[in-house]
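Every chain is numbered from 1 and lettered A, B, ... according to where its sequence line falls, protein lines coming before strand lines.
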2 protein chains.
Amino acid sequence: MISIGQAAERSGVAIETIRYYEREGIVPKPDRTASGRRTYSESDVARLRFVRRCRELGLPIPGAKSLLGLTDGSQKSCPTAQTIASKHLKNVQDKMADLKSMESALIEMIRLCDDNDDECPILNHLQSEREES
Amino acid sequence: MISIGQAAERSGVAIETIRYYEREGIVPKPDRTASGRRTYSESDVARLRFVRRCRELGLPIPGAKSLLGLTDGSQKSCPTAQTIASKHLKNVQDKMADLKSMESALIEMIRLCDDNDDECPILNHLQSEREES
DNA sequence: TATGCATCCTGTAGCCACTACAGGATCAAG
DNA sequence: CTTGATCCTGTAGTGGCTACAGGATGCATA
């Protein structure tokens, strides 16, 4: 049984974030010492690491919570996990597409600036009346 | 001089968002009618549209505010605008790189699921002890 | 045993950029 | 005169933390 500080170090989840996850019911409440300090077992740490990995993949907290709930053993969890991951994958790809079009527009505006010797093409673009194509 | 509803429609910025921009000092306070209703000129609408375009490019509000501040005429604004845009472009590209690696990891996990007939590879991956490469 | 510093506790507020009300005033049309 | 659309202010909620304030506890050293 280790302290919250050690659990933070071993899981890669910040102390304040651990307490946040506890408040939000994402991970179960840990045991406490007589004086009220939280103590964490290895499986508590594993759960925290699990949530961190989910978050690194960009999975929202409810998704992470759902996946964590599947880790109670059964192999029937696979289709469920796959569904969650697939939905998230689509979100990720949609976001990438958004960013891609932002990137193109920015690159174009910046490039125009280099050829420019009159008005600023960036400001012109942003000020123009027409809606973008 | 038009109402906030019409300004919203013509600028593409939601009414509540317009009021928010005003509170935050992103756009100047518009005139009011005798009864206290906001009235917007064409240039007010142009400013709102400008901020919307910035936001569509993912520019944070302070950046949008800076760019809007440059639209007071001078062509010397170009290098400044280019700097703001370039910094933002880098942020966009960093975010895309993050999403790209999330995407790869998700695709791999989902693919493994299809070949799977034992434990769920997604949960295995998220639960594993080792740090990812 | 005293002291000092690290670590922990709870509770609250802040971040970003909105969005969504509640509860009321005003306007325009029939 | 009533109805319904639109407007007003002010406040709270979203997600996922992060950053305190103000205090209690634990551990090592003098």
**Q** Taking it one step at a time, do A:I107 and A:I110 satisfy side-chain contact (heavy atoms from CB on, under 4.5 Å)?
**A** CA-CA 5 Å; A:I107 286 173; A:I110 291 165; 5.9 Å; no
**Q** Start with the C-alpha distance between B:V45 and B:I2, add both sets of side-chain angles, then the distance that settles side-chain contact (heavy atoms from CB on, under 4.5 Å), and finish with yes or no.
**A** CA-CA 9 Å; B:V45 171; B:I2 60 176; 3.8 Å; yes
**Q** Could I get the full list of side-chain contact (heavy atoms from CB on, under 4.5 Å) partners for B:E108, not counting sequence neighbours?
**A**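 Applying side-chain contact (heavy atoms from CB on, under 4.5 Å) to B:E108 gives B:R111, B:L112.
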**Q** May I have the list of side-chain donor-acceptor pairs in residues 95-102 of chain B shorter than 3.5 Å, sequence neighbours left out?
**A**
residue	atom	partner	partner atom	Å
B:K100	NZ	B:E103	OE1	2.9
B:S101	OG	B:D98	O	3.0

**Q** Applying side-chain contact (heavy atoms from CB on, under 4.5 Å), run through B:V51 and B:L68 and close with a yes or a no.
**A** CA-CA 7 Å; B:V51 176; B:L68 191 55; 3.9 Å; yes
**Q** With the threshold set at under 4.0 Å for non-hydrogen atoms, list the residues of residues 26-37 of chain A touching DNA chain C in residue-number order.
**A**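 Hits under 4.0 Å, by residue number: A:R32, A:G36, A:R37.
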**Q** Just how far, in rounded Å, is C1' of C:dA17 from CD1 of B:I18?
**A** 15 Å
**Q** Taking side chain to side chain donor-acceptor pair (under 3.5 Å) as the definition, give me every residue that meets it alongside B:Q6, ordered by chain and number, with sequence neighbours left out.
**A** B:S3
**Q** List in chain and number order the residues that pass side chain to side chain donor-acceptor pair (under 3.5 Å) with A:E16, two or more places apart in sequence or in another chain; answer none if no residue qualifies.
**A** none
**Q** Could you measure the distance from the OH atom of B:Y40 to the OG atom of B:S11? Nearest 0.5 Å is fine.
**A**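 Output value for this atom pair is 9.0 Å.
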**Q** B:I15 has an atom CD1; how far is it from atom P of C:dC18, in whole Å?
**A** 15 Å
**Q** Look at A:S3 and C:dT7 and indicate whether a side-chain polar atom (N or O) is within less than 4.0 Å of OP1 or OP2.
**A**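 Checking C:dT7 against A:S3, no side-chain N or O comes under 4.0 Å of OP1 or OP2.
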**Q** Give the first and the last nucleotide of DNA chain D, reading 5' to 3', that has any atom under 4.0 Å from a heavy atom of chain A.
**A** D:dG16 to D:dG26
**Q** Can you list every pair that meets side-chain hydrogen bond (donor to acceptor under 3.5 Å, both in side chains) and has a residue in residues 19-32 of chain B, with sequence neighbours left out?
**A** B:E22-B:R38
**Q** Looking at residues at least two apart in the chain, or sitting in another chain, which of them share a side chain to side chain donor-acceptor pair (under 3.5 Å) with B:S104?
**A**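 Expected list: none.
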**Q** Rounding to 10 degrees, work out the angle separating the end axes of the helix from C:dT1-D:dA30 to C:dG30-D:dC1 (five pairs an end).
**A** 20°
**Q** Using a 4.0 Å heavy-atom cut-off, does B:R19 contact any base of the nucleic acid, only the sugar-phosphate backbone, or nothing at all?
**A** base
**Q** side-chain contact (heavy atoms from CB on, under 4.5 Å) with A:S66: which residues, sequence neighbours excluded?
**A** A:I84
**Q** Rounded to whole angstroms, how far apart are CD1 on A:I4 and P on C:dA6?
**A** 19 Å
**Q** Holding to salt bridge (charged side-chain N to carboxylate O under 4.0 Å, His left out), I want the full list of residues that pass it with B:K87, two or more places apart in sequence or in another chain.
**A**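 In terms of salt bridge (charged side-chain N to carboxylate O under 4.0 Å, His left out), with neighbours along the sequence ignored, B:K87 is linked to no residue.
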**Q** Got a second to check how far B:R49's CZ is from B:C54's SG, nearest 0.5 Å?
**A**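 SG of B:C54 is found 13.0 Å from CZ of B:R49.
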**Q** Scan nucleotides 13-16 of chain C against the protein and return all N/O pairs shorter than 3.5 Å with their distances rounded to 0.1 Å.
**A**
none

